[in-house]
Amino acid sequence: MKTFIGVSLIIIICFSGNKNYAQWEADYRLTNNPSTSITAYDNTWCVAANGNFVHAAWYDYRDGNPEIYYKRSTNYGVSWGADTRLTTSSFDSFKGNISTSGSVVHLVWYELQAGHNVILYKRSTDDGATWGSATIISGAIVGSTDAMVASSGSNVYAVWEALLAIDNREIYLARSTDGGLSWLAPVRITNAIGASQNPAVSASGQDVHLIWDDGGFYINVFYLRSTNAGANWSAQTQLSNSTGASFSSVSCTGQNVNASWLDGRDGHTEIYYKRSTNAGMNWSTDTRLTNDLGIKQPPVICSADSSVHVVWFDQRDGNMEIYYKRSTNLGLNWDGDFRLTNDAAASRGPGVAASGTNVHVVWYDSRAGNTEIYYKRNPTGNPISVNNISTEITTDFALFQNYPNPFNPVTDIKFSLPNRGLVNIVVYDVNGRITATLVNSELNAGTYNVDFDASELASGIYFYSLSAGNFVQTKKMLIIK
């Protein structure tokens, strides 16, 4: 295990305000073919990350008809493997949407089969190295499109909209309780006059958070939550209160739930944000995240540890560019807008994911003469909350047993340092795969603790390792869900 820890990536974290924006690296082109390549735009996730693995999904026309493609990085996004074609049928396949829980990667998309659209699912159980067969999870529900997937441990959730009749769209949800191996029959979530559309879902432990747009012409954002893995649902909550609120996105970390959407209350579209700190029971007032006259398109939100990340694309610069905004205190305060792309072509369809200290963004643009998939990362953009609980100088390095142990889903890890230096704490599974990076920072001598949220991991034995200078120590912990 010492050899494994020795090659772990160590990154110095800068904790001061917008300085982390300067850490964004150059654009990385993920595709290179003469056809059209497009991410799952709107409010869905085309990128997911867990530990050192980063996963991207899109659809393109290189094979004559649209097919779902996939690509992964095994080293935090530093380099990427080959394109993998995940669909092989003669049907048109659109909008691959991706999620990961531990080493299991989940993918949903929709296909036009026998004259109507169906939702399909596929999974990998080895971090994207190999993939199983496709499964139709929408059952007999016709007209199903725009699916999104979320996962937490062995629970997997897919939501989509279905056109049941002219001007009548409803939201459906299917779920799996065994990591995607089998699926329960889909359940109709909404029952409203007009269009219920653009659903998004996020999960942590047994909590599931569902958000969508409803109301036809006078659109508003609505929310539902489940505290028992989707078996039962609360009454609907209207999150927005304005004309033209749409394309909502949701992400949760433990009890913290974050929602963002497009809103027309100001006479033009702006990005708005709302948060809950008690798993969706109560919500804050609205926060306006943008303030310019540019035409904007749907935001995508993700959260990790105490940070919240939002990406979108707008036209404030005369052409479509990808923008990014971040909060490092659970959505209480926000940094300024940051422009991620800078080329004459239109950039669209961004997705964002965070893992460890890294932030990953994937989008498509046409700078190469045709639309290609691009990637960008900030290796220090997701600061981990490390608390200094004592400045008393210790004589030795120490890594203490996590408490509580066993735990679900959060535990506390304490460690001591006799001198200042680079500190790396990672969590990995029984196969040696990194599942979380808790600390990558230069710290002063003292005693610290860091919370580990294992909401996205399955039950089982895991290990956590402290590496500082020549000191390496590993301990075992148990997640029970």
Side-chain angles (χ1 to χ4, degrees), residues 9 11-25 45 47-52 54 76-77 99-100 150 152 200 202-204 209 249-260 271-277 279 284 287 289-290 299-312 322-338 340 350-362 376-387 409-410 413 425-427 435-441 443 448-457:
L9 181 65
I11 302 169
I12 300 175
I13 302 178
C14 299
F15 287 95
S16 53
N18 286 350
K19 289 184 179 180
N20 273 317
Y21 280 174
Q23 300 300 316
W24 283 98
E25 298 175 343
W45 290 319
V47 59
N50 186 61
N52 54 311
V54 190
Y76 302 92
S99 175
T100 182
S152 180
S202 185
S204 179
H209 308 279
S249 181
V250 65
S251 179
C252 65
T253 302
Q255 296 285 300
N256 299 299
V257 191
N258 305 276
S260 185
I271 308 294
Y272 274 78
Y273 166 81
K274 207 180 191 85
R275 70 173 187 151
S276 170
T277 58
S284 68
T287 298
L289 294 186
T290 59
V300 177
I301 195 168
C302 87
S303 55
D305 197 64
S306 59
S307 295
V308 187
H309 311 273
V310 179
V311 290
W312 70 97
I322 308 299
Y323 273 80
Y324 164 82
K325 202 178 189 79
R326 180 191 69 172
S327 169
T328 57
N329 58 1
L330 300 173
L332 192 60
N333 305 106
W334 290 82
D335 297 335
D337 300 357
F338 185 76
L340 288 182
V352 61
S355 178
T357 60
N358 293 272
V359 182
H360 312 275
V361 176
V362 170
K376 199 180 193 79
R377 76 163 186 156
N378 185 334
T380 63
N382 190 63
I384 303 297
S385 298
V386 183
N387 302 311
V410 178
I413 296 172
I425 298 179
V426 296
V427 177
T435 60
T437 301
L438 302 185
V439 181
N440 272 315
S441 181
L443 299 177
Y448 297 80
N449 71 349
V450 58
D451 287 336
F452 171 46
D453 187 340
S455 299
E456 301 303 313
L457 298 180

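What you see below is based on every heavy atom in this structure, not just the backbone, and it leaves out hydrogens, waters and symmetry mates. Numbering starts at 1 and runs along the sequence shown.
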Evaluate the side-chain proximity of Tyr448 to Asn387: yes if any heavy-atom separation is below 4.5 Å, no if none is. no
Could you pull out all residues at least two apart from Thr253 that satisfy side-chain hydrogen bond (donor to acceptor under 3.5 Å, both in side chains)? Ser303
Is the backbone of Glu25 close enough, under 3.5 Å, to the side chain of Lys376 for a donor and an acceptor to pair up by distance? yes
Closest non-hydrogen atom pair between Ser355 and Gly51, with its separation: OG-N, 2.9 Å
Is any side-chain heavy atom of Asp337 closer than 4.5 Å to one of Tyr324? no
State, with a plain yes or no, whether a side-chain heavy atom of Ile322 is found less than 4.5 Å away from one of Trp312. no
Treating Ser276 as the side-chain partner and Val257 as the backbone partner, does any N or O pair qualify as donor plus acceptor under 3.5 Å? no
When you look at Asn258 and Val250, which way does the side chain to side chain contact (heavy atoms under 4.5 Å, CB included) test go after all the steps? CA-CA 6 Å; Asn258 305 276; Val250 65; over 6 Å; no
For Leu340 and Val361, what are the C-alpha separation, side-chain angles and deciding distance, and is it a side chain to side chain contact (heavy atoms under 4.5 Å, CB included)? CA-CA 9 Å; Leu340 288 182; Val361 176; 3.9 Å; yes
Could you work out, with side-chain contact (heavy atoms from CB on, under 4.5 Å) as the rule, every residue matching Thr100, not counting sequence neighbours? Ala48, Asn50, His55, Val105
Minimal heavy-atom distance between Ala200 and Ser249, with the atoms involved, is CB-CA, 4.1 Å
List the atom of Ala354, the atom of Cys302, and the distance in Å for their closest heavy-atom pair. N-SG, 3.8 Å
For a quick test of reading the model, state the closest non-hydrogen atom pair linking Ser204 to Gly254 and the distance between them. OG-N, 3.2 Å
Would you say that His360 contacts Asn378 through its side chain, given a criterion of any heavy-atom pair below 4.5 Å between the two side chains? no
Taking all atoms of both residues into account, what is the closest heavy-atom pair of Pro383 and Ser306, and its distance? O-OG, 4.5 Å
Verdict with supporting geometry, Lys325 and Phe338, side chain to side chain contact (heavy atoms under 4.5 Å, CB included): CA-CA 6 Å; Lys325 202 178 189 79; Phe338 185 76; over 6 Å; no
Heavy-atom donor-acceptor pair, Thr328 side chain to Ser307 backbone, under 3.5 Å: no
Ignoring hydrogens, what is the shortest heavy-atom contact between Ala150 and Ser202? Give both atom names and the distance. CB-CA, 3.9 Å
Atom CG of Asp453 and atom CG of Leu438: how far apart are they, to the nearest 0.5 Å? 10.5 Å
Taking ring-ring contact (aromatic ring centres under 6.0 Å, His included) as the test, write out the residues that go with Phe452, two or more places apart. none
Does a side-chain heavy-atom distance below 4.5 Å link Asn382 with Asn358? no
Considering only heavy atoms from C-beta outward, does the side chain of Tyr323 approach that of Ile271 to under 4.5 Å? no
Taking the side chain as C-beta and beyond, is there a heavy-atom pair between Val310 and Arg326 under 4.5 Å? no
Report yes or no: does Thr437 contribute a side-chain atom to a donor-acceptor pair with the main-chain N or O of Val426 at less than 3.5 Å? no
If you apply the rule side chain to side chain contact (heavy atoms under 4.5 Å, CB included), what do you find for Asn449 with Ile413, and how did you get there? CA-CA 5 Å; Asn449 71 349; Ile413 296 172; over 6 Å; no
Side-chain donor-acceptor pair present, Ser327, Asn329, cut-off under 3.5 Å: yes
Side-chain contact, heavy-atom cut-off 4.5 Å: Val352 with Trp45? no
